[in-house]
Amino acid sequence: QFDRAIGAVGVRVLEAGRQSVELCGGRWNRRARLRCALVPPCGQPQQDRQGAGQQQPTGPRTAWGTRRADLLDLTDAAGAELPPWTPGAHVDLRLPGGTVRQYSLCGDPADRHVWRIGVLREPDGRGGSAYVHDALREGVEVDARGPRNHFALVAAPRYLFIAGGIGVTPILPMVAAVARSRAEWELHYGGRSRRSMAFLDELGAETGITLYPQDEVGLIDLDRILGRPRPDTAVYCCGPEPLLSAVERHCAAWPAGALHVERFTPRATGPRGSFEVELALSGLTLTVAANQSVLQALEEAGVGVLSSCR
């Protein structure tokens, strides 16, 4: 569930004279301000959230369950339309200290005035989600970039969606788009418990959805879902790494290109040797040592790059 919804107060072009910067083909050209409001989880009325007679929190948030997620809406301060996006797209938020985090858009692409994202608090994360949960309040501004889409919905006669936890966010607009197209589809959505699974109210009215609260039924039954390759079926999966790895193993015998996944973090590759990278614009070639990242090699060579991976 989401412990608050955030309605928007603004996205605006950066003030005159401030230099926008390029990173991975994107431009920091918008600034968003956020407004917060609490919403009850799983359709419960507000008075049932903490028991009869208890007041709702008005200061720092109270966790209703062990997993917390915030729903944020970003809009243009002047009421102008935002750039268009398609299901599977994400936006970047630049947080204090230069931290950049990517969040999938989970609203309605037809609504050109709102970008909606869901942010899960990660207690063992690097601080980005904690900042969103603890510091973003009405009037707080963050730079936004995008949208970009590396998880685009391809045309197919049939779709099989698999989502784990907050990984359901990019899947939601896909399901809505496919349902409107009248293509065949099914969604398998798992989480630690019903209380931790966002959007259950929205999904409850849809057919073709199977829920897997782990404390009730265990893990998503991938053997049953993916055990037999299905012709003309596109498989989309987003969620934690163990789920993605398991889905990739189960889809090894499926037709090439059938599986589409989006990861929260890069896949671990294990030990490797040195290799070379070429900078396309300058033609410069650098050797990346076995104990280096590409970013470290670039910085040691004096190549100025922006980054969000540490």
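Here, residue 1 is the first one in the sequence, and each next residue gets the next number.
The minimum heavy-atom distance linking V154 with A234 is given by the pair CG2-CB, 4.3 Å. Shown here for P173 and G107, the closest heavy-atom pair between the two residues is CB-O, 3.8 Å. Across Y212 and I220, no two heavy atoms sit closer than the pair CD2-CA, 3.6 Å. Residues S196 and G191 approach most closely at OG-C, 4.2 Å, considering heavy atoms. Among all heavy-atom pairs drawn from L259 and C251, the shortest one is CD2-CB, 4.0 Å. The two atoms that bring P87 and P109 nearest to each other are CD-CG, 4.2 Å, heavy atoms only.
Using a 4.5 Å heavy-atom cutoff, the side chains of P147 and L105 are in contact. Residues R263 and C238 fail the side-chain proximity criterion, which asks for heavy atoms closer than 4.5 Å. Contact of the R224 side chain with the H188 side chain is registered, since non-hydrogen atoms from C-beta on lie closer than 4.5 Å. Two residues are said to be in side-chain contact when any heavy atoms from C-beta on lie closer than 4.5 Å; R116 and T169 fail this criterion.
A distance-only check finds a donor-acceptor pair linking the side chain of Q296 to the backbone of S293 [under 3.5 Å]. Judged by distance alone, with hydrogens and angles left aside, the side-chain atoms of R112 form a donor-acceptor pair with the main-chain N or O of L82 at under 3.5 Å. Looking only at distances, no side-chain donor or acceptor of S245 sits under 3.5 Å from a matching main-chain atom of P242.
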inquiry  = With side-chain contact (heavy atoms from CB on, under 4.5 Å) as the criterion, how do L279 and T285 come out once you've worked through the C-alpha distance, each side chain's angles and the decisive distance to 0.1 Å?
reply    = CA-CA 6 Å; L279 309 188; T285 298; over 6 Å; no

ask   = Stepwise, does the side-chain contact (heavy atoms from CB on, under 4.5 Å) test hold for R145 with V91?
value = CA-CA 6 Å; R145 177 183 61 198; V91 293; over 6 Å; no

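Residues F161 and M197 are members of one and the same hydrophobic cluster, defined by side-chain heavy-atom contacts under 4.5 angstrom among Ile, Leu, Val, Met, Phe, Trp and Tyr. Under a hydrophobic-cluster definition in which Ile, Leu, Val, Met, Phe, Trp and Tyr are linked whenever side-chain heavy atoms come within less than 4.5 Å, directly or via other members, L200 and I171 are assigned to the same cluster. L243 and Y159 fall into different hydrophobic clusters, where Ile, Leu, Val, Met, Phe, Trp and Tyr side chains are chained together by heavy-atom contacts under 4.5 Å. Y236 is connected to F199 through a chain of hydrophobic side-chain contacts under 4.5 Å among Ile, Leu, Val, Met, Phe, Trp and Tyr, so both are in one cluster. Grouping the Ile, Leu, Val, Met, Phe, Trp and Tyr side chains by contacts below 4.5 angstrom, directly or via other members, places V247 apart from Y189.
Contacts classified as ring pair (Phe, Tyr, Trp, His ring centres under 6.0 Å) and involving residues 163-186 (residues at least two apart or in different chains) are not found.
Atom CG of D92 and atom CD of Q102 lie 4.5 Å apart (nearest 0.5 Å). With values rounded to the nearest 0.5 angstrom, L226 atom CG is found 11.5 Å from R249 atom CZ. The OG atom of S193 lies 8.0 Å from the CD atom of E216; values are rounded to the nearest 0.5 Å. The NE2 atom of H260 sits 12.0 Å away from the SG atom of C237 when rounded to the nearest 0.5 Å. Atoms CD1 and CG, on I209 and L187 in that order, are 5.0 Å from each other to the nearest 0.5 Å. Rounding to the nearest 0.5 Å places CG of D108 at 11.5 Å from CG of L172.
Residues meeting the salt bridge (charged side-chain N to carboxylate O under 4.0 Å, His left out) test with E184, sequence neighbours left out: none. V277 pairs by the side chain to side chain contact (heavy atoms under 4.5 Å, CB included) definition with F275, L286, V288, V294, not counting sequence neighbours. Every residue two or more places apart in sequence or in another chain that forms a side chain to side chain contact (heavy atoms under 4.5 Å, CB included) with D223 is listed here: D221, H250. With sequence neighbours excluded, the residues that form a side chain to side chain contact (heavy atoms under 4.5 Å, CB included) with R230 are L160, E186, I225, T233, W254. Partners of N149 according to the side chain to side chain contact (heavy atoms under 4.5 Å, CB included) rule, which considers only residues two or more places apart in sequence or in another chain, are T86, A89, F151, A152.
Aromatic rings from H90 and Y103 are positioned such that their centres are separated by 6.0 Å or more.
Contact check on D215 versus R194 returns no salt bridge, with no Lys/Arg side-chain nitrogen under 4.0 Å from an Asp/Glu carboxylate oxygen.
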